[in-house]
Number of protein chains: 2
Amino acid sequence: MDTQDNKLLEEDISLKLFVVLSRALQSIKKRVEEDIKSFGLNPTEFAVLELLYSKGAQPIQKIGDKVLIASSSITYVVDKLEKKKFLERKPCPKDRRITYAVMTTEGTELMNEIFPKHKHAIQEICAGLDLNEKKNLIQQLKKLGYYAQGIEL
Amino acid sequence: MDTQDNKLLEEDISLKLFVVLSRALQSIKKRVEEDIKSFGLNPTEFAVLELLYSKGAQPIQKIGDKVLIASSSITYVVDKLEKKKFLERKPCPKDRRITYAVMTTEGTELMNEIFPKHKHAIQEICAGLDLNEKKNLIQQLKKLGYYAQGIEL
DNA sequence: TATAATTATCTCGAATTCGAGATAATGTGC
DNA sequence: GCACATTATCTCGAATTCGAGATAATTATA
């Protein structure tokens with residue numbers, strides 16, 4: 001049956017897509033994480049600093065929403081960054097359940113130094129595609145990702 | 001300076017690509033892992049079983065190469081799968097350093113049952129793109145991934 | 001207002017992964 | 001055949017993440 005065969009074939013292609021996607025990201029991540037590690041941070045710590053750097057102070061809970069980690073993990077990461085003096089906890093005066101994570105001067109100085117390097121490293125890692133190919137890839141990945149999340153475009 | 005500006009722009013696009021790629025895979029993985037968890041396995045366990053299922057018995061060390069995990073982690077995963085009776089360790093008679101991981105009948109039966117379901121689940125998760133879009137995406141991701149790994153095409 | 005539901009953060013223990021190093025077997029160069 | 005490097009597996013402890021549940025504050029409801 002032709003329709004059957006096509007369905008089976010398409011399942012194989014989808015599986016392949018999943019595998020290739022996983023491996024491509026793994027290769028990139030490996031190099032990005034080496035880069036981040038050279039700054040003395042792990043990927044989650046970097047992601048939290050990046051968020052505060054670009055969006056300003058955030059309630060701890062919001063950090064988890066954006067960086068996509070569990071609340072218990074945020075506590076752990078924020079603890080570590082606080083010990084390293086890159087951020088501070090500041091209670092919200094209006095809502096005493098809320099604690100803000102606020103970058104310190106040291107944190108901002110660190111990001112001023114490493115964020116451009118980080119962007120440049122990613123640029124070099126992704127240089128296998130030209131600008132238009134990247135733009136197209138972004139479009140297709142968004143379509144794929146939104147659909148997987150259950151959001152139709 | 002125009003060249004400068006373009007470089008900065010392209011760095012932003014590359015960063016965006018990295019973010020979109022990470023998020024797309026995260027959305028897909030989340031659903032794939034739910035699927036796998038419903039079979040009572042975690043992603044690494046499933047990957048090991050999938051390897052043995054498609055490629056037959058493997059020296060434990062080879063498993064780590066293919067599934068891309070550290071040797072100490074393989075020991076851990078193989079221990080767990082052995083306890084669950086999905087595979088056995090068999091010493092190699094020719095080289096006494098080597099231990100093979102061999103699927104048991106239970107393991108094969110499990111994979112006979114769940115692997116088609118798994119493929120079908122991925123097919124549904126990836127249905128945001130049509131067949132040609134998937135094929136193109138695979139090509140582009142391979143190019144990106146190989147380059148990131150330092151392999152020119 | 002008292003009660004219940006929700007929200008934000010944290011604590012705790014378990015699962016998973018890693019890296020460094022131990023152990024044992026094999027291969028290599030002299 | 002012996003010393004040395006290499007290879008395969010495992011042990012151990014540390015790092016990271018999660019989920020369940022505790023605590024406390026706020027909001028909604030009767």
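Chain letters run A, B, ... following the sequence lines, proteins first and then strands; every chain starts at 1.
- Within 4.0 Å of B:Ser73, counting heavy atoms only, lies at least one base atom of the nucleic acid.
- Separation of the B:Phe39 and B:His118 ring centroids does not fall under the 6.0 Å cut-off.
- When each of C:dT17, D:dC18, D:dT17 is scored by its nearest atom to the side-chain atoms of A:Ala70, the top-ranked nucleotide is D:dC18.
- Not one side-chain nitrogen or oxygen of B:Thr99 sits closer than 4.0 Å to the OP1 or OP2 atom of D:dA8.
- Residue B:Ile69 is in sugar-phosphate contact alone, with no base atom involved, counting any heavy-atom pair closer than 4.0 Å across all strands shown.
- Remark: A:Thr44 OG1 to A:Leu81 CG distance equals 9.5 Å, nearest 0.5 Å.
- Atom P of nucleotide C:dT16 and atom OH of B:Tyr76 are separated by 4 Å, given to the nearest angstrom.
- Each of B:His120, B:Lys119, B:Lys134 was scored for a side chain to side chain donor-acceptor pair (under 3.5 Å) with A:Ser14, with one residue passing: B:Lys134.
- The main-chain N or O of B:Phe86 is found under 3.5 Å from a side-chain atom of B:Thr104 such that the two form a donor-acceptor pair.
- Atoms CG (B:Asp79) and P (C:dT17) sit 13 Å apart, rounded to a whole Å.
- Judged by distance alone with a 3.5 Å cut-off, no donor-acceptor contact links the side chain of A:Arg97 to the base of C:dT9.
- Residues A:Glu106 and A:Lys84 are not paired through a salt bridge, judged by the lack of any N-O separation under 4.0 Å between the basic side chain and the carboxylate.
- Considering only side-chain atoms of B:Thr75, the nucleotide from C:dA8, D:dC10, D:dT16 that sits closest is D:dC10.
- Within the structure, every side-chain polar atom (N or O) of A:Arg89 is placed at least 4.0 Å from both OP1 and OP2 of C:dA8.
- Between A:Ile36 atom CD1 and D:dT16 atom C1' there is a gap of 15 Å when expressed in whole angstrom units.
- Take the nearest nucleotide of DNA chain C for B:Ser71 and for B:Lys80: the residue whose nucleotide is more 5' is B:Lys80.
- B:Asn42 places its CG atom 14 Å from the P atom of D:dG19, with the value rounded to the nearest Å.
- Per the geometry, CD belonging to B:Gln61 stands 14 Å off C1' belonging to C:dA25, to the nearest Å.
- In this structure, CD1 of A:Ile74 is placed 15 Å from P of C:dT7, rounded to the nearest angstrom.
- Going from atom NZ of B:Lys94 over to atom P of C:dA24 covers 25 Å, rounded to whole Å.
- Candidate nucleotides D:dC12, D:dT9, C:dT6 were compared by shortest atom distance to the side chain of B:Ile98, and D:dT9 ranks first.
- C:dA8 atom C1' lies 11 Å from atom CG of A:Asp65, rounded to whole Å.
- Nearest nucleotide to the B:Ser72 side chain, out of D:dT16, D:dT9, C:dC18: C:dC18.
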